[in-house]
Trainee: 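So that we are looking at the same thing, I have put the structure below in structure tokens.
All values derive from a computational prediction rather than experimental measurement. When reading the values below, keep in mind they use all heavy atoms of this one structure, side chains included, and skip hydrogens, waters and symmetry mates. Start at 1 with the first residue, then count along the sequence.
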Amino acid sequence: MTPLFTPGTNIAMKVPSHLFDQMRAFYADTLGLSVTEDGEALKVAFGAWTLWLDRCPAMTQPELWLELSTPDTAAAARHLADRGVTRCDEAERLHEGFDGFWVAAPGGMVHLVKSDVYARTPQ
């Protein structure tokens, strides 16, 4: 049985330091979207989603990372492993006790698979 996966509400854009201020200006000034600081990241109101701009000094070009929710991360991990999906927990450290893990979709796009007991089929 296939575990339930639903799109999460967060999108992360990993931005090289040399482009970070330009990205902030694009979303805030050019597009007029609400951009607020949240620790080291910028939080952009992006419709039903939150777009996080994360400064990543080691990167040379931006990357987009997506989020998936599932009510059972253990079943999701088994399902994905059985289908040869690459687990990439080294992508970014998750805080202690966080119920989730990282995978890479074909082509390398990183996805956070996280627990959400309220995950449901989109309407």
Trainee: For residues Leu19 and Pro62, determine if any side-chain heavy atom of one lies less than 4.5 Å from a side-chain heavy atom of the other.
Mentor: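 Yes - at least one pair of side-chain heavy atoms lies under 4.5 Å apart.
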Trainee: Taking only residues two or more places apart in sequence, or in another chain, which ones meet Trp52 in a side chain to side chain donor-acceptor pair (under 3.5 Å)?
Mentor: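 Listed in chain order: Asn10.
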Trainee: Where is the tightest heavy-atom contact between Ala12 and Asp54, given as atom of each residue plus distance?
Mentor: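 In terms of heavy atoms, the two residues are closest at CB-OD2, 4.0 Å.
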Trainee: Nearest 0.5 Å, what's the CG-CG distance between Asp99 and Asp116?
Mentor: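 Output value for this atom pair is 10.5 Å.
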Trainee: For the side chain of Glu67 and the backbone of Thr9, is there at least one donor-acceptor N/O pair under 3.5 Å apart?
Mentor: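 Yes.
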Trainee: Give the cluster check for Met109 versus Val103: same hydrophobic cluster or not, with ILVMFWY residues linked at side-chain heavy-atom distances below 4.5 Å.
Mentor: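 Per the 4.5 Å side-chain linkage, Met109 and Val103 are not co-clustered.
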Trainee: Measure the CG-CG distance between Leu112 and Leu66 for me, rounded to the nearest 0.5 Å.
Mentor: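 Here the rounded value is 10.0 Å.
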Trainee: Evaluate the side-chain proximity of Asp72 to Pro3: yes if any heavy-atom separation is below 4.5 Å, no if none is.
Mentor: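 Sidechains of Asp72 and Pro3: no contact.
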Trainee: Grab the two heavy atoms, one from Ala91 and one from Val110, that are nearest each other, plus how far apart they are.
Mentor: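 What the structure gives for the nearest pair is CB-CG1, 4.3 Å.
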Trainee: Step by step, work out the side-chain contact (heavy atoms from CB on, under 4.5 Å) result for Glu92 and Lys14.
Mentor: CA-CA 11 Å; Glu92 187 174 283; Lys14 305 300 186 174; 2.6 Å; yes
Trainee: When rounded to the nearest 0.5 angstrom, what is the spacing between OG in Ser17 and CZ in Arg55?
Mentor: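 So the OG of Ser17 and the CZ of Arg55 are separated by 5.5 Å.
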Trainee: Under 4.5 Å between any side-chain heavy atoms of Val113 and Thr70, yes or no?
Mentor: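 Yes, close enough: below the 4.5 Å cut-off.
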Trainee: Applying a strict under-4.5 Å side-chain criterion to I, L, V, M, F, W and Y, I'd like to know whether Trp65 and Leu94 cluster together.
Mentor: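 Same hydrophobic cluster.
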Trainee: Identify every side-chain donor-acceptor pair in residues 23-50 under 3.5 Å, counting partners at least two apart or on other chains, and give the distances.
Mentor:
none

Trainee: Sequence neighbours excluded and cut-off under 3.5 Å, please list the side-chain donor-acceptor pairs for residues 76-83, or say none.
Mentor:
residue : atom : partner : partner atom : Å
Arg78   : NH1  : Ala74   : O            : 3.4
His79   : ND1  : Arg83   : NH1          : 3.1
Arg83   : NH1  : His79   : O            : 3.1

Trainee: With the side chain counted from C-beta on, respond yes when Arg87 and Trp102 share a heavy-atom pair under 4.5 Å apart, and no when they do not.
Mentor: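 Not touching, per the 4.5 Å side-chain cut-off.
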Trainee: Within the structure provided, determine whether Thr60 and Pro16 are in side-chain contact (heavy-atom separation under 4.5 Å).
Mentor: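 Thr60 vs Pro16: side chains apart.
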Trainee: Find the distance between SG (Cys56) and CD (Gln61) and round it off to the nearest 0.5 Å.
Mentor: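 Going from the SG atom of Cys56 to the CD atom of Gln61 covers 12.5 Å.
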Trainee: For a 4.5 angstrom cut-off between non-hydrogen side-chain atoms, does Leu4 reach Thr6?
Mentor: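 In contact.
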Trainee: Compare all side-chain heavy atoms of Met59 with those of Pro57 and state whether any distance is below 4.5 angstrom.
Mentor: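 No - every pair of side-chain heavy atoms lies 4.5 Å or more apart.
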